[in-house]
Amino acid sequence: MSETIWIAIAIDGPAGAGKSTIAKRLAAELHFVYVDTGALYRTVGLAALRRGIDPTDVEGVESLLPSICVELTYIDDTQRVLLDGEDVSELIRTPEVSMAASAVSAMPAVRKFLFHLQREIASSHNVIMDGRDIGTVVLPHAQVKIFLSASAEDRARRRYDEMLAKGMEAVYEDVLEDMKQRDYNDSHRAAAPLKPADDAIMVDTTGNTLEESIAMMKKLVEESLA
Ligand code: DC
């Protein structure tokens with residue numbers, strides 16, 4: 001019996017580049033499973049905050065890991081992330097959890113803790129996985145690797161609009177400052193820093209509308225898989 005070859009599309013890039021929105025749409029069109037790996041780091045960040053652990057405290061966060069359970073599940077084709085069985089998909093979207101996620105994601109023990117979960121999904125599904133190290137570390141053999149970026153101002157503007165649309169309060173300057181801080185943290189950490197894989201296709205979405213970016217990415221993916 002021949003072994004099924006699963007297809008993996010890795011989309012990496014900084015926060016707010018449009019990775020998740022674009023990846024979700026592509027996954028729906030291609031009938032692939034969409035995996036938002038940032039949600040996993042956010043969940044560990046939330047767990048630390050809930051237990052009163054400073055997310056920058058390496059020993060504190062490491063001691064938390066054996067006692068938490070992080071899982072992904074899909075309801076109506078939408079990813080939900082569970083912390084000890086509780087659906088925390090919405091709770092992980094606050095600025096405080098974003099910062100906590102950025103801090104805990106710099107810790108090798110956290111990356112190791114979440115690695116197998118990510119690999120496991122890709123070993124039994126066609127996936128579009130987005131994150132920071134998917135093409136470099138998690139799925140180095142992905143058939144398609146895309147590194148998606150845009151200017152910090154463009155990315156902050158999109159994140160700000162998203163927050164307002166969700167009814168959250170936000171100040172553009174604060175969102176931009178957070179964005180720059182997270183970019184710095186994510187690309188300067190020792191463990192799996194944000195950087196394009198050698199064989200990644202570089203895509204810059206600065207100035208594009210969402211629809212333009214989606215069309216551009218769809219064409220790229222189709223050409224790469226042809
Ligand atoms: O994509 P996001 O903003 O939801 O990610 C939250 C944090 O998790 C971000 O600061 C970077 C980190 N992250 C990571 O280190 N590796 C990934 N594969 C995904 C996210």
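Here, residue 1 is the first one in the sequence, and each next residue gets the next number. First listed ligand is number 1; within each ligand, the first listed atom is number 1.
- Nearest protein heavy-atom neighbour of atom 16 (N) of ligand 1: R111 NH2, 3.0 Å.
- Shortest contact from atom 8 (O) of ligand 1 to any protein heavy atom: Y41 CB, 3.5 Å.
- Protein heavy atom in closest approach to atom 19 (C) of ligand 1: T37 OG1, 3.4 Å.
- Residues satisfying the side-chain hydrogen bond (donor to acceptor under 3.5 Å, both in side chains) criterion with Y160, sequence neighbours excluded, are absent altogether.
- Distance from atom 4 (O) of ligand 1 to its nearest protein heavy atom, with residue and atom name: R42 NE, 2.6 Å.
- Backbone and side-chain nitrogen or oxygen atoms of D133 are examined, and one is located within less than 3.5 angstrom of a nitrogen or oxygen of ligand 1.
- Atom CG of D84 has more than 12 neighbouring heavy atoms from other residues, nucleotides or ligands inside a 6.0 Å radius.
- No donor-acceptor pair closer than 3.5 Å links the side chain of Y41 to the backbone N or O of G131.
- The shortest N or O to N or O distance between K19 and ligand 1 is not under 3.5 Å.
- The side chain of R189, and not its backbone, has at least one atom closer than 4.0 Å to an atom of ligand 1 (non-hydrogen atoms only; side chain from C-beta on).
- A101 CB, 3.8 Å is the protein heavy atom nearest to atom 7 (C) of ligand 1.
- Closest to atom 2 (P) of ligand 1 among all protein heavy atoms lies R132 NH2, 3.6 Å.
- Side-chain contact annotation: T205 with R158, donor-acceptor N/O pair under 3.5 Å present.
- For the pair R157 and Y172, the distance from NZ or CZ to the six-membered ring centre is under 6.0 Å and the angle to the ring normal is within 45 degrees.
- Put simply, the side chain of Q143 gets close to the backbone of W6: a donor and an acceptor are under 3.5 Å apart.
- For the 3.5 Å distance criterion, the side chains of S102 and D186 qualify, holding a donor opposite an acceptor.
- Polar contact check, D186 against ligand 1: a nitrogen or oxygen pair lies under 3.5 Å apart.
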Got a list of side-chain donor-acceptor pairs under 3.5 Å for residues 62-71, not counting sequence neighbours?
from: S63; atom 1: OG; to: E59; atom 2: O; distance (Å): 3.4
from: S63; atom 1: OG; to: G60; atom 2: O; distance (Å): 2.8
from: S67; atom 1: OG; to: R51; atom 2: NH1; distance (Å): 2.9
from: S67; atom 1: OG; to: L64; atom 2: O; distance (Å): 2.9

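- Interface of S102 with ligand 1, defined as ligand atoms under 4.0 Å from a residue heavy atom, comprises 10 (O).
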